[in-house]
Amino acid sequence: MVRYFFMTQRGFIRKKSLYRELKSLANEDPKEFMKKLEHFSHFFITYNSVDHTHFDKIKELLVDHFKIKINNNNRLFLIFKSLQGLNRYNIIQPIPTVYSFLQSYARLGLDSSGTYRKGMVEFFETIERYHFISNFICGERGNKTEEFYGRCAEEFSHADSAQNFSKTEANLYKLLPNIPSFSSFESFFEKLSWPDDNKKIKEIFSRINMCDSETGTVKDEVSAKTFLLDPNQTLDSWNTEHWFPRNPKDSSLPDRLSNPDIIHNIGNLLLIPKTLNDALDNVSPEEKAEFIKNNNKYQGGPYVHLNEFLEEYYVKHKDWKDIDIEDRAKNLANVCYNKYWKFVRPTRDNWKI
C-alpha cells in the first residue's frame, strides 16, 4: 500500500529503494504527507474490498471519498463491474493510476463535463478488459505493467489542466502494452474445464449474462445485478451445469462421445439457477432442451442466455457430441475476445488539443 502511495506522488519505485525515498518525500511536509497517506489508505482499503455485494462502495469511493458528482446509477454500475472484475482477476497493479486519475479528475472539476463523465466509464472498462485478456485468461505476469502504471500515476497527479489530463489519458491508452493475440487467447480459453477452472468459468458466464448478447454492452443496473455471484462459494444460487450430463441416466449416452473428458470443457457448460439445475438432473441434452422450451417458468429473465443457447444449438441437441462442444468453446472464445471484453484503445477529439 505504501509503495503504491509513493507511486501516486513520484512514479514507479522498487521496494528496495522505498524507505529512503519515502523519508525524503515525508520530510518535505510531514503533516501534508500524512494527510495524503491517510486519504490513499482509505481508498486502498475500499478499492480492494469491492466484491459482488458492494455496489454501494462505489458511491462511497467516488462521491464521498473523492467528491465526484455522479448520480447516474447505471454509470456507477459500469464502474462497479469493472472494479469488481479487476479484484476478481487479482489485479492490483493499476491501483496507483486509478487513484491519481480519480484524484485529478475531482481536483480539476472534470465531472462537470459530459465528455469526461463518459470518459470515466471508458477508463475503467479499458483497464478491466485489458487485464481480463492478458492476465485472467492468458496468465501473463501482473507485474508486467507495474512500472507503466507507476509512471502514469505520477503524470495524472501532476496534471494541472483538463488539457494535460487528456494528454496523460491518451498516452495511457496509446502506450499500454499490447494484449495477447486472439489465437493465443483462444488456445488458453478452450482449455478451461470443470472443476479446476470452475471459479473462473462461473465468473466468465456471470459477466456474459450481465450483457446484451447482440451488442455486448452491459444491461441496466437492475437487470445486470441479477447475475452477480460469488465464485468463491461452493454452494450458491448459480450452478455450473454440464449440458451433456456427467452421470447420465441413460447408460448408452456416453457412447456418443469419443473423448469422455470433454464433458468438463467450457463448451459443454452453462451457468443456470440452482433450482433449474436440480430439475434437469442427469437427463440427456435433448430431454433438457425439451423440458426448458416447454416450461414457461424458464423463459426470459435470468434464463435469457439459456434461451439464446437453445435457439443457437437446439438443432444439435439430439446429437450433442465432441464436435459440438468444441465448436461452442471456440464460439465462446470469439465472443469474449471480440465482443464482451473487446479491447479497443480509446480516442477522443479533445486529446488533439
Side-chain angles (χ1 to χ4, degrees), residues 4 43-63 65-66 68 70 72-106 110-111 116-138 142 145 148-149 152-153 156 169 172-173 176 179 200 202-212 215-231 335-346 348:
Y4 278 175
F43 158 81
F44 188 87
I45 291 168
T46 304
Y47 179 100
N48 283 295
S49 64
V50 174
D51 65 21
H52 72 295
T53 63
H54 289 154
F55 176 55
D56 287 344
K57 282 188 179 290
I58 296 302
K59 290 183 180 180
E60 177 186 329
L61 196 66
L62 300 181
V63 179
H65 198 66
F66 289 100
I68 294 172
I70 179 166
N72 185 310
N73 265 12
N74 286 332
R75 189 170 293 149
L76 283 168
F77 185 82
L78 291 174
I79 296 170
F80 162 75
K81 178 177 176 288
S82 292
L83 285 183
Q84 181 206 22
L86 289 168
N87 280 343
R88 291 280 181 85
Y89 313 153
N90 293 318
I91 299 298
I92 62 172
Q93 288 75 21
I95 286 177
T97 290
V98 169
Y99 177 84
S100 294
F101 174 93
L102 293 174
Q103 184 81 322
S104 294
Y105 186 98
L110 301 182
D111 51 2
Y116 285 104
R117 282 199 296 270
K118 294 177 182 177
M120 182 186 287
V121 172
E122 188 174 57
F123 169 80
F124 284 106
E125 284 191 335
T126 300
I127 292 176
E128 188 245 327
R129 292 177 180 206
Y130 175 88
H131 289 288
F132 172 82
I133 293 171
S134 299
N135 306 103
F136 192 60
I137 300 299
C138 294
T145 55
F148 169 77
Y149 281 128
C152 290
F156 273 121
E169 191 177 10
L172 184 153
Y173 298 139
L176 195 62
I179 59 171
K200 189 172 288 189
K202 290 183 73 171
E203 175 72 6
I204 292 168
F205 282 130
S206 169
R207 297 171 80 76
I208 287 177
N209 290 353
M210 290 184 197
C211 299
D212 181 274
T215 64
T217 56
V218 181
K219 298 173 184 176
D220 65 89
E221 175 217 349
V222 175
S223 300
K225 274 185 175 180
T226 304
F227 301 101
L228 289 172
L229 57 79
D230 182 358
V335 295
C336 284
Y337 191 92
N338 293 307
K339 183 189 291 185
Y340 297 115
W341 282 274
K342 185 175 182 179
F343 177 75
V344 178
R345 297 179 188 272
R348 286 207 301 274

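Legend: residues meeting side-chain contact (heavy atoms from CB on, under 4.5 Å) with Ser82, ordered by chain and number and at least two apart, are Phe124, Glu125, Glu128. Considering only residues two or more places apart in sequence or on other chains, Ser104 meets the side chain to side chain donor-acceptor pair (under 3.5 Å) condition with Arg107. Listed by chain and number, the residues in a side chain to side chain donor-acceptor pair (under 3.5 Å) with Asp111 amount to none (sequence neighbours excluded). Considering only residues two or more places apart in sequence or on other chains, Tyr149 meets the ring pair (Phe, Tyr, Trp, His ring centres under 6.0 Å) condition with His131. Residues passing the ring pair (Phe, Tyr, Trp, His ring centres under 6.0 Å) test with Tyr340, sequence neighbours excluded: none. Residues passing the side-chain contact (heavy atoms from CB on, under 4.5 Å) test with Thr217, sequence neighbours excluded: Asp212, Thr215. Residues passing the side-chain contact (heavy atoms from CB on, under 4.5 Å) test with Thr46, sequence neighbours excluded: Lys57, Glu60, Leu61. Shown here are the salt bridge (Lys or Arg N to Asp or Glu O under 4.0 Å) partners of Lys225, two or more places apart in sequence or in another chain: Glu221. Remark: Tyr130 pairs with Phe343 by the ring pair (Phe, Tyr, Trp, His ring centres under 6.0 Å) rule, at least two apart or across chains. With sequence neighbours excluded, no residue forms a side chain to side chain donor-acceptor pair (under 3.5 Å) with Thr226. Qualifying side chain to side chain donor-acceptor pair (under 3.5 Å) partners for Tyr4, counting only residues two or more places apart in sequence or in other chains: Glu146.
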Problem set entry | Working for side-chain contact (heavy atoms from CB on, under 4.5 Å), residues Val344 and Arg129 | CA-CA 9 Å; Val344 178; Arg129 292 177 180 206; over 6 Å; no

Exercise. Would Val98 and Phe123 satisfy side-chain contact (heavy atoms from CB on, under 4.5 Å), going step by step from the backbone distance to the final call?
Worked result: CA-CA 9 Å; Val98 169; Phe123 169 80; 4.2 Å; yes

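Looking only at side-chain heavy atoms (C-beta outward), Phe136 and Ile91 stay at 4.5 Å or farther from each other. The side-chain heavy atoms of Tyr337 and Ile179, taken from C-beta on, include a pair separated by under 4.5 Å. Taking 4.5 Å as the limit, some side-chain heavy atom of Asn73 sits within range of a side-chain heavy atom of Leu76. Side-chain atoms of Leu86 and Ile95, non-hydrogen and from C-beta on, never get closer than 4.5 Å to each other. Side-chain contact between Lys219 and Asn209: absent, with no pair of heavy atoms (C-beta onward) separated by less than 4.5 Å. Taking the side chain as every heavy atom from C-beta outward, Arg207 and Trp341 approach each other to under 4.5 Å. Inter-residue side-chain proximity for Ile208 and Cys336 is flagged as met; some heavy-atom pair is nearer than 4.5 Å.
When all heavy atoms of Ala224 and Val218 are compared, the pair lying nearest together is CB-CG1, 4.2 Å. Closest heavy-atom contact between Ala153 and Thr97: N-OG1, 3.5 Å.
Between Tyr173 atom OH and Thr126 atom OG1 the span is 4.5 Å, to the nearest 0.5 Å. Summarising the geometry, atom CG belonging to Leu83 is positioned 10.0 Å from atom CG belonging to Asn48; distances are rounded to the nearest 0.5 Å. One distance of note links CG of Leu229 with CD of Glu203; it measures 7.0 Å at 0.5 Å rounding. Taking CD of Glu122 as the start and OH of Tyr116 as the end, the distance is 12.0 Å to the nearest 0.5 Å. Distance CD/Gln84 to OH/Tyr89: 8.5 Å, rounded to 0.5 Å.
Judged by distance alone, the side chain of Arg75 and the main-chain N or O of Met120 form no donor-acceptor pair under 3.5 Å. Checking side-chain atoms of Ser206 against main-chain N and O of Phe227 turns up a donor-acceptor pair under 3.5 Å.
Checked against a 6.0 Å centroid threshold, the rings of Phe80 and Phe77 count as neighbours.
Using cut-offs of 30° and 60° for the angle between ring planes, the Phe101 and Phe156 rings count as perpendicular. Classification of the Phe43-His65 ring pair by plane angle, with boundaries at 30° and 60°, yields parallel.
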